[in-house]
Amino acid sequence: MSVQLGIIIIVCALLVNIFMEKKQHTQTDDVINDVYDYIVVGGGTAGSIIATRLSEDAATSVLLIEAGVFHPLGFQHNIPYIFDGGYYTVSQKHSHKGFNDQKSYWPRGRVLGGSGNINAMQYTRGSPWNYEEWKKAGCDGWGYRDVLPYFIKSEDMQLPEFVSSPFHGKGGPLAVSSGYQSEATQLFFHAGQELGYNRTDYNGYDQEGFGVLQTNIRNGVRSSASFEYLRKARYRPNLHVSLRSFVTKISIKANRAVGVYFVKDSRKHYVSTRKEIILSAGTINSPQLLMLSGIGPKTHLQELDIPVVADLPVGENLQDHLGLFMPSKTDKVETLNADLMQSKGHIYPDIQIINIFALLPNLFGFTEATAREIVPEPGNGFTIYILITKPLSRGSIKLRSKDAFDYPLIDPNYLSDTRDVKTLVGGVRIWEKILQTRPYQNMGLKEDEHKMSFCSQHEFRSNAYWECYIRHVAITTYHPTSTCKMDPENDPSTVVDTQLRVKGIKGLRVVDASIFPNITSGNTNIPTVMVAERAADFIRGVDSATYL
Ligand SMILES: Cc1cc2nc3c(=O)[nH]c(=O)nc-3n(C[C@H](O)[C@H](O)[C@H](O)COP(=O)(O)OP(=O)(O)OC[C@H]3O[C@@H](n4cnc5c(N)ncnc54)[C@H](O)[C@@H]3O)c2cc1C
Ligand SMILES: *[C@@H]1O[C@H](CO)[C@@H](O)[C@H](O)[C@H]1NC(C)=O
Ligand SMILES: *[C@@H]1O[C@H](CO)[C@@H](O)[C@H](O)[C@H]1NC(C)=O
C-alpha cells in the first residue's frame with residue numbers, strides 16, 4: 001500500500017520536472033566562443049558545481065564541456081545501471097573469480113550530471129578522521145574543521161530530527177531526506193539494539209551504530225549537483241554548456257594549459273582560456289586526459305610515443321570500495337527498502353553494512369554458473385551489503401593507446417592486499433551476528449543459503465570458506481577515487497597540490513573524486529561535492545563558508 005503511494009508521488013513530481021525544463025530551454029548549447037575565462041571539462045558532480053559557482057560572477061565567462069547529453073530526469077534509484085560509460089576493468093588476479101574473464105563492470109554516467117545522475121543517491125560524508133588523516137599527511141586546509149563548513153553549505157537537510165544539528169545545513173542546494181521505512185526497517189534496528197549498538201546520525205558526531213539511510217532526494221526526485229546547482233545557472237549569459245562534446249586533449253604551451261580540443265558533431269573544435277582549465281572528468285577520465293596531454297608517468301607515456309610534458313604519477317593510487325551482497329529469502333516480512341549501519345572501530349569504521357529490503361537480480365555480471373547459485377529466485381527477502389570502507393589495495397588507470405576514444409586500462413587490483421580480505425571476513429562475521437539476533441531468527445532463514453559449490457573445498461563458514469566466497473563474488477561499489485592524488489608539493493607520489501593545481505603546470509586544476517589522497521570511508525559523491533565547493537573558493541580566492 002505505502003509502496004504504491006511512493007511510486008505515484010515520484011511519477012507526478014517527474015512530470016512537473018519535464019514541464020519546467022521545456023519552458024526554460026534556450027540556445028546555450030549551440031553557442032561556443034573562441035575564448036573563455038574558465039573552461040570546465042566534464043559536467044558530472046564536480047564539474048556542475050564548479051561551473052555554477054564560477055559563473056556566479058557575471059563578469060566571468062565559463063564554458064562547461066560535457067561528453068554526454070542532457071537528460072531532464074536523471075535516473076531513479078532502481079535503474080542506475082542503464083545509462084553509462086560501460087567500462088570493464090582488466091581481468092582481476094585476486095578477485096572476481098565468479099565473473100566472466102574475472103572482469104568487473106564499471107558504469108559511469110555519460111550525461112550532464114555524470115555519475116551523480118545515475119548513482120544510488122546515498123548521502124554519506126565519510127569519517128571526520130578521513131580528513132584529519134589528509135591534513136596530517138600535509139594537506140593543509142583539508143582537515144575536518146576546514147571541510148565541514150562546505151558539507152553544511154551544500155546541504156538542505158529535510159529530516160526534522162537533524163535540522164538543528166550543528167553538523168547539518170539548511171537552505172543549501174542538495175536536499176537530504178530518507179526513504180520509505182517498512183516494518184523490516186524496525187526489525188533491523190531491533191537487531192542493532194540486541195547487539196548493543198546505538199541509533200546514530202552517521203553524518204554527525206558518532207559514526208558507529210545503526211541509522212536510517214540519508215539520501216539526496218527532494219520531494220521524491222533525485223537531488224543531484226546538475227539538477228540543484230546547474231539547472232538554474234545553465235541559463236546565465238556568461239555560462240555556456242556544450243553537450244555531446246568529447247574532450248580529446250588539453251593544449252599545453254611552455255608549461256601553461258592554454259586550451260582544450262574536443263570533438264562535437266564529428267567535428268574538431270578548439271577553445272582557449274584566459275585564466276584556467278578545470279579538469280572534472282572523474283577518476284577514470286581525468287587521468288586519461290592528463291596522460292593524453294603528456295602529463296603522466298614518463299615511461300608509460302614514452303611507450304605510447306606521447307611527448308612528456310610533466311612526469312607525474314597520474315593514474316596510480318586507484319582505490320575503490322569492494323563489497324559483498326548477502327541475499328536471504330524470507331516470507332515473514334514485507335520487504336523493499338534500504339537502511340544503513342556503520343560499525344566497528346571507534347574513530348574509523350572499516351565496514352559499512354547496508355540492509356536492502358529486497359532481493360536483487362544479476363545486475364553485476366556473474367557467470368551463469370555462479371548466478372544460478374548466488375542469485376535468488378524472485379520473491380520476498382532482503383540483501384545485506386557489506387563493504388570495506390578503507391581498502392589498502394591500490395590499482396591504476398593506464399592508457400591503452402594514444403586514441404582518446406579508446407577505453408583506458410582500468411586495474412583496481414582488488415584484494416591484492418590480503419588485509420582487505422580479512423576486513424571483509426570481519427564484515428561477514430558481523431553479518432552472521434545480525435542474522436543470529438531475535439528479529440532475524442524469527443524470519444525462518446535457511447542455514448545453508450550461502451553454501452556455494454564453488455567453495456566446497458573449504459569447510460562451510462570457516463575463514464577460508466569466506467575468503468574463497470569473497471574472491472569469487474565481491475563486487476565494486478562504484479566508488480573509484482584517488483588517481484590524481486593531492487598532497488604536499490614535495491611528495492613525489494602526488495599529482496596536484498593542496499589547491500588542486502597540477503604540479504609544474506600553470507592554469508590547470510583537477511577537481512573531482514580523483515584528487516582524494518585516499519578514498520573516504522563512505523560513498524564518494526558528497527565528498528566530491530565538498531571538494532568542488534572548496535575548489536571554487538580557491539579559484540575565486542574567497543571563503544564562502546562560515547568557519548566553525
Ligand atoms: C551506479 C553508481 C552508483 C553510485 N552510488 C552512489 C551513492 O549512492 N552515493 C554516493 O555518494 N556515491 C555513489 N556513486 C559514486 C558517485 O556518483 C561518484 O563518486 C561521483 O559522481 C564522482 O563525481 P565526479 O565529478 O568525480 O565524476 P562524474 O560524476 O563521473 O563526472 C565526470 C563527468 O565527466 C564527463 N567526461 C568524462 N570524460 C570526458 C571527456 N573526455 N570529455 C567531456 N566530458 C567527459 C562524464 O561524461 C561525466 O559527466 C555511485 C556511482 C555509480 C556509477
Ligand atoms: C592513506 O592510507 C594509507 C593506508 O592506510 C596511510 O598509510 C596513508 O597515511 C594515508 N594517506 C592519507 C593522505 O590519508
Ligand atoms: C550508547 O549511548 C549511550 C548514551 O549516550 C552511551 O553511554 C553508550 O556508550 C553508547 N554505546 C555505544 C556502543 O556506543
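In each ligand, atom 1 is the first atom listed, and ligand 1 is the first ligand listed.
- Within the 4.0 Å heavy-atom shell around ligand 1 one finds Thr528.
- Under a 4.0 Å criterion applied to the non-hydrogen atoms of Pro107, ligand 1 contributes the atoms 53 (C).
- Residue contacts with ligand 1 for Gln288 are absent, since no atom lies close enough (heavy atoms, distance under 4.0 Å).
- At a 4.0 Å heavy-atom cut-off, ligand 1 touches Asn525 through backbone and side chain alike.
- In the candidate list Gly113, Gly42, Ala281, Ala46, Ala281 is nearest to atom 32 (C) of ligand 1, counting heavy atoms.
- Atoms of ligand 1 lying under 4.0 Å from at least one heavy atom of Gly109, given by number and element, are 46 (C), 47 (O), 48 (C), 49 (O).
- Using bins of under 30°, 30° to 60° and over 60° for the plane-to-plane angle, the ring pair Trp134/Tyr131 lands in the perpendicular bin.
- Neither the backbone nor the side chain of Ala404 comes within 4.0 Å of ligand 1, counting heavy atoms alone.
- Per-residue contacts place Pro517 under 4.0 angstrom from the following atoms of ligand 2 (heavy atoms of the residue considered): 13 (C).
- We find that Glu533 and Arg53 are joined by a salt bridge, their nearest charged nitrogen and carboxylate oxygen being less than 4.0 Å apart.
- For ligand 2 and Ala137, the ligand atoms under 4.0 Å from any heavy atom of the residue are 13 (C).
- Only the backbone of Val111 comes within 4.0 Å of ligand 1, counting heavy atoms alone; no side-chain atom from C-beta on gets that close.
- Within the 4.5 Å cutoff, side-chain heavy atoms of Val258 are placed close to those of Tyr270.
- Compare Gly47, Gly43, Ser48, Ala67 by their heavy atoms: the one nearest to atom 44 (N) of ligand 1 is in Ala67.
- At least one cation-pi condition fails for Arg125 and Phe167: the charged atom is not both under 6.0 angstrom from the six-membered ring centre and inside a 45 degree cone around its axis.
- The shortest heavy-atom distance from Ala532 to ligand 1 is not under 4.0 Å.
- Near Leu392, meaning under 4.0 Å from any of its heavy atoms, are these atoms of ligand 2: 4 (C), 5 (O).
- Under 4.0 Å from ligand 2, the heavy atoms of Lys390 that appear belong solely to its side chain.
- Here Ser245 has backbone heavy atoms under 4.0 Å from ligand 1, and that is the only part of it that gets that close.
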